[in-house]
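No experiment lies behind these values; they were computed from the predicted model shown.
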Amino acid sequence: MKVAISGAGVAGAALAHWLQRTGHRPTLIEQAPAFRTGGYMIDFWGVGYRTAQRMGVEQAILDAGYDVQSVRTVGPTGKAKAELSLERMRPILGDDLVSLPRGDLAAAVYDTIVGKVDTLFGDSIATLDEHADGVRLTFDHAEPREFDLVIGADGLHSNVRRLVFGPERNFEHYLGCKVAACVVDGYRPRDELVYVMYNTPRRHLSRFALRGDRTLFLFVWRADHDDTVVSPKQQLHNEFAGAGWECAQILAAVDGADDIYFDVVSQIRMDRWRQGRVLLIGDAAACISLLGGEGSGLAMTEAYVLAGELHRARGDHHRAFADYETQLRPFVEGKQANAKQLLGFFAPKTRLGLRFRDLAIRSMSFPPLTRRFAGSTADDFELPDYAL
């Protein structure tokens, strides 16, 4: 089948990989003029990691990743307030855990389809007209094309979802925060393999030292979901300029950066992910938000399951789409519920909340609590074997 996939991120590239591998003809449609890089730091483990192993990209992910040694919270002077050694957790969490920038994970997946899958960069679906034998798409720039199926893998602000299911406001559940991430060169100080976090009430700023003398910064802050026209960098200054620690120095470094990731922290919740020949996957269907920390792994898993169900159903998309949603909806909705509970970890509202969070981090160094935490992060999903 000819399958149009809107979005060349983790979900879209992974789906293209499996569809191409099983004999279909996927086409990726990506609004950005080139493959997107950057993004925030993610922890990659669980069912997503097992999917990566089946894809054959485990080594590429490990090569791009980092063996983070600890998570440290600091006060205004830089003195450590709490620290969690991840080495103590590895015997319980297992070895299938790596941390890396989200864009590096996407690149490892996309590299498997370079030269094998048609990709339209710098374009977007304008209209979608389903008929008895397929779907006719028109584009902002390219000539119209016919496809058998259309998959929306285009993220939180999905264009396909808007065209087929309606406006974003019908499905978005704002979690009360905004987020920004940026990579800069030559920042000092550096704490190698340590994830350093600084908080004031309602604000979170963290840094992590990357290879090549680069540093990745993540900002999370509680804010109203408004339609402000204030630039992302100005919003960061408004929130963090007087917050203490290295904030002023970090903001100065970010001012010189050309590329900054900026978005709201929201979830997408829908009663159905499919309509006719159209299906949504990844963040387009059920974004769990960055607070959950597992969105990329879920996207890779969903791509594998969708391709597997299409293979098992011998191209009967009605059956495949229904079986796909039946398998994944309870698992994904559970992850969404867990993610909402982590808002207090990133951006506690009060100083008492900050002290409680730091106490929780210190407590996780004790083996019984470590095992309990590991159990809460486990993936209650058996990855099917489709023999793809």
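E172 and S266 are linked by a side-chain donor-acceptor pair at a separation below 3.5 angstrom, with hydrogens and angles left out of the test. H17 and T112 share a donor-acceptor pair across their side chains, judged by distance under 3.5 Å alone. Under the 3.5 Å distance criterion, with hydrogens and angles disregarded, a donor-acceptor pair is assigned to the side chains of S70 and E83.
Heavy-atom minimum distance, L97 versus D43: CD1-CB, 4.2 Å. The two residues Q249 and P189 make their nearest non-hydrogen contact at NE2-CD, 4.3 Å.
A salt bridge does not link K2 to E146: none of the charged side-chain nitrogens sits closer than 4.0 Å to a carboxylate oxygen. Using a 4.0 Å cut-off between a side-chain N of Lys or Arg and a carboxylate O of Asp or Glu, R162 and D154 do not qualify as a salt bridge. In this structure, D213 pairs ionically with R190, as a charged nitrogen and a carboxylate oxygen lie closer than 4.0 Å. Residues E246 and R207 are paired through a salt bridge, judged by an N-O separation under 4.0 Å between the basic side chain and the carboxylate. The pair D185-R214 does not count as a salt bridge, with every side-chain nitrogen at least 4.0 angstrom from each carboxylate oxygen. Salt-bridge annotation for R272 and E325: absent, with no side-chain N of the basic residue lying under 4.0 Å from a carboxylate O of the acidic one. Salt bridge absent: E309 and R319 never bring a charged side-chain N and a carboxylate O closer than 4.0 Å.
Aromatic ring orientation, F240 versus F219: perpendicular (interplanar angle above 60°, classes split at 30° and 60°). Ring planes of Y49 and F44: tilted class, angle from 30 to 60°.
More than 12 heavy-atom neighbours from other residues, nucleotides or ligands sit within 6.0 angstrom of CZ on R211. In this structure, R188 places its CZ atom where more than 12 heavy-atom neighbours from other residues, nucleotides or ligands lie under 6.0 Å away.
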Query raised in the report: side-chain contact (heavy atoms from CB on, under 4.5 Å) between M300 and Y304: does it pass, once the steps are laid out?
Result: CA-CA 6 Å; M300 291 178 66; Y304 170 75; over 6 Å; no
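Both tests hold for R357 against F345: distance to the six-membered ring centre under 6.0 Å, angle to the ring axis within 45°.
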